[in-house]
Amino acid sequence: MESMEIDRGKAPSTEEEKKEGKAIVLVLVGLPGSGKSTFCDEVVKVYRRRPWVRVCQDTINKGKAGTKIQCLSAATNALKEGKNVIIDRCNINREQRADFLKLGSAQTEIHAVVLNLPTKLCISRSVERTEHEGNLYGVKAAAVVNQMLPKKELPKLSEGFNRITFCENETDVKEAIYLYASLGPLDSLPSGRFGHNKTDTTIQLGIMKFLKKKASDIIVEKVEEFVSRIGRARLILVDLSRESKILSLVKAKAAHRNIGRNKFFTFVGDITQLHSQGGLYCNVIANAANWRLKPGGGGVNAAIFKAAGPELEMATNESADCLRPGKSVVVPLPSSSSLFAKEGVTHVIHVLGPNMNPQRPDCLKDDYVQGSKILREAYSSLFEGFVSILESQGIVTPAKDDQKAKREGAHVSDSNKKQKGSEQSLKHGVKHWATWFQALYNVAMDPAKDENIVLEKTDDVVVINDAFPKAQKHFLVIARLDGLDSLADVCKEHVTLLKTMHDVGLKWVEKSLDENKSLTFRLGYHSVPSMKQLHLHVISQDFDSNHLKHKKHWNSFNTRFFLDSVNVIKELEDTGSVTLITDDFRSMELRCNRCRSAHPNLPRLKSHVRSCKAPFPADLLQNGRLFTSEGNA
DNA sequence: GTTCTAGAAC
DNA sequence: GTTCTAGAAC
């Protein structure tokens, strides 16, 4: 959950950018031995792009140590001459820095660079150095550093700094040197905090750790509360990382509470590619938004806005300007959005959790009670939004008790993503891809409607000819079980169904072989199908069809992306789930399914396949994956 | 999923 | 010049 400070490092606003030509007083903050003098040397001596004056307390008194007053006066004079100033002294606490902040004005910005390197390193450096302007070296240095430590207080923007850069290691220091050294006379730097603040980060992680544990409780609690109100729709908790603590906590707790996998489950993957990469069909996704409802930041919010394109931004603007912590807003996604077109997402619900980030207004600091309360409200609001979508589409009927959580609080984005997938939430003539991907499902749910294309119908399956057959014979055996979108949904309890599908498929193989003994069949599933509802491909291996036009057509039936029905059933029996192959085979080579020779393009491959008489490869023949008139090959 | 098409590859 | 593909649009 690293996206706490999602606005950190963002581009300055246009007003900020106009602060051209302002002088800078750069207050260095660091222990003896942290590298302040080196920093000054690098910035002052090497580049000279912007005129800098180093004000060093150790040498200000005719080469000897002076006073803070002398430093202030030297700095004031330098500013009068149009120079920029680096204050080279420890400036270890607020009190020591305060007077230098008074140098700030409309023409002068006060910056801090914190050389927050490990204390051990500072001590060993200052002890080991043999000369120092302030004569601070040897054992004395160690004592001084140790004396200083308890007084150490990291600078805050609230002290009056326009910008603070934290450096935790040598790399950070080098970057900061480069930043200031390459600054031209008219350049300016964005305001705010930059780099890590180790101390605060530690506290932050503590809060996050607590919140994750707490959040998982709240998520499960809210899922349990809402699961009865979402009809045949489902809730899915998605996180990018397999190591996600919150995901595993929620998973365990949901299982413990007996929340069915058909209603709620967790999923590791990219929420912006649930369909194309994950094989899931989710019409509604939740976005951990920022309070301005703007794209950008770091984590999920940026990713979702990027994937959805400007359409989401525009649609969001029409719905709301900003969001209070604990609140959400439902935004219908225009069909022109690529997230809609590619992934079938029809709605994004922006939701804002509690803000535990001290850098932001409304921060709850360590008020876990209030934080938990707002997190609860956020999930309530999110799920209410989801239910309202389902209601508007007639998937569920409005409930009598309209319980709504409405309270105020603070904000921040929480990088785990709550995301909901619902079946058939496709409404008002939503066309194109969305109708395509729904078509098989519609046949499965209501075969009577498509009587003319249904070859066979049982309680479990429907058989049709593929609308765009990729071979002489190409059937689809579609499961009729609602909610079984694809192999990704299949688990042990579906073994019987898959066997039934296989047997029905074989029946149509036999029927076809009666008509044409020369055919060879293969039965299998696409790892990530483009159409919803689990369907078994029963396809003859000639691939003689005008509909086979693209590389992906060929490769979807002739690479490991195509999972043989027999193997799927075996793996399901052995392990309880099916391993899906999400290879991107658009650029994969094209190989003959018989002799395995490679071909440069599809037309050449097709022409080769038409005449290739080589026997099928051994692995296909040996494992009972091919079916011919001779029986199981 | 298909269709259309610009431009890359030949 | 034609063929082929990838990607956008539907």
Side-chain angles (χ1 to χ4, degrees), chain A residues 272-283 306-312 314-315 332-346 423-424 426-445 450 453-454 462-471 474-479 485-488 524-539 543 545-559 561-562 580 582-592 598-610:
Chain A
T272 65
Q273 298 184 69
L274 284 176
H275 173 255
S276 58
Q277 294 294 313
L280 288 176
Y281 303 93
C282 292
N283 306 121
K306 190 174 171 222
E311 287 86 354
L312 177 60
M314 278 161 22
L333 199 58
S335 59
S336 51
S337 163
S338 55
L339 200 53
F340 187 115
K342 288 181 188 153
E343 308 295 330
V345 174
T346 61
E423 333 304 293
Q424 54 285 119
L426 299 159
K427 56 169 183 179
H428 55 244
V430 158
K431 287 170 222 150
H432 322 316
W433 184 82
T435 28
W436 265 112
F437 109 101
Q438 183 92 327
L440 294 184
Y441 174 82
N442 291 339
V443 175
M445 291 304 116
D450 297 288
I453 66 159
V454 171
V462 168
V463 183
I464 62 169
N465 276 313
D466 192 294
F468 300 91
K470 302 298 186 288
H474 186 180
F475 306 103
L476 300 180
V477 181
I478 312 166
D485 290 344
S486 75
L487 278 188
Y525 299 86
H526 284 156
S527 281
V528 183
S530 313
M531 297 175 82
K532 177 167 140 169
Q533 197 63 11
L534 183 70
H535 53 281
L536 172 70
H537 288 273
V538 178
I539 185 165
F543 294 103
S545 163
N546 290 331
H547 294 293
L548 200 149
K549 293 173 178 171
H550 304 293
K551 262 185 173 175
K552 67 172 177 180
H553 291 148
W554 176 264
N555 282 333
S556 73
F557 290 103
N558 290 288
T559 65
F561 181 85
F562 188 82
L580 304 178
T582 55
D583 296 356
D584 180 8
F585 43 67
R586 279 171 298 191
S587 53
M588 217 180 254
E589 60 182 3
L590 296 166
R591 283 190 179 272
C592 171
H599 298 267
N601 56 51
L602 199 68
R604 297 268 285 275
L605 173 81
K606 285 183 79 171
S607 115
H608 164 84
V609 168
R610 265 193 291 276

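Proteins come first, then strands; the chains are lettered A, B, ... in the order of their sequence lines, and each starts at number 1. Computed over heavy atoms, backbone and side chain alike; hydrogens, waters and symmetry mates excluded. Just so you know, these numbers come straight off a predicted model, no measurement behind them.
Between the P atom of C:dT2 and the CZ atom of A:Arg604 lies a distance of 19 Å, rounded to the nearest Å. In this structure, the OH atom of A:Tyr441 is 19 Å from the C1' atom of B:dG1, given to the nearest Å. Here the C1' atom of nucleotide B:dG1 and the CD atom of A:Gln533 are 16 Å apart, to the nearest Å.
Regarding contacts with the backbone of B:dG1, a side-chain N or O of A:Lys552 is found under 4.0 angstrom from either OP1 or OP2.
Using a 4.0 Å heavy-atom distance criterion, A:Pro603 is classed as a sugar-phosphate-only contact.
Here the closest heavy-atom approach between residue A:Leu339 and residue A:Thr272 is recorded as CD1-O, 3.6 Å.
The backbone N or O of A:Lys532 lies less than 3.5 Å from no partner atom in the side chain of A:Gln438, so there is not a single donor-acceptor pair. A donor-acceptor pair under 3.5 Å links the side-chain atoms of A:Ser545 to the main chain of A:Pro469, judged by distance alone.
Between A:Leu440 and A:Ile464 the shortest side-chain heavy-atom distance falls below 4.5 Å. A:His537 places a side-chain heavy atom less than 4.5 Å from the side chain of A:Phe562.
Note: A:His474 and A:Phe557 have perpendicular aromatic rings, judged against thresholds of 30 and 60 degrees for the angle between ring planes.
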Each nucleotide N or O in nucleotides 3-10 of chain B that has a protein N or O under 3.5 Å away: list the pair and distance.
unit_1	atom_1	unit_2	atom_2	d
B:dT3	OP2	A:Lys549	NZ	3.0

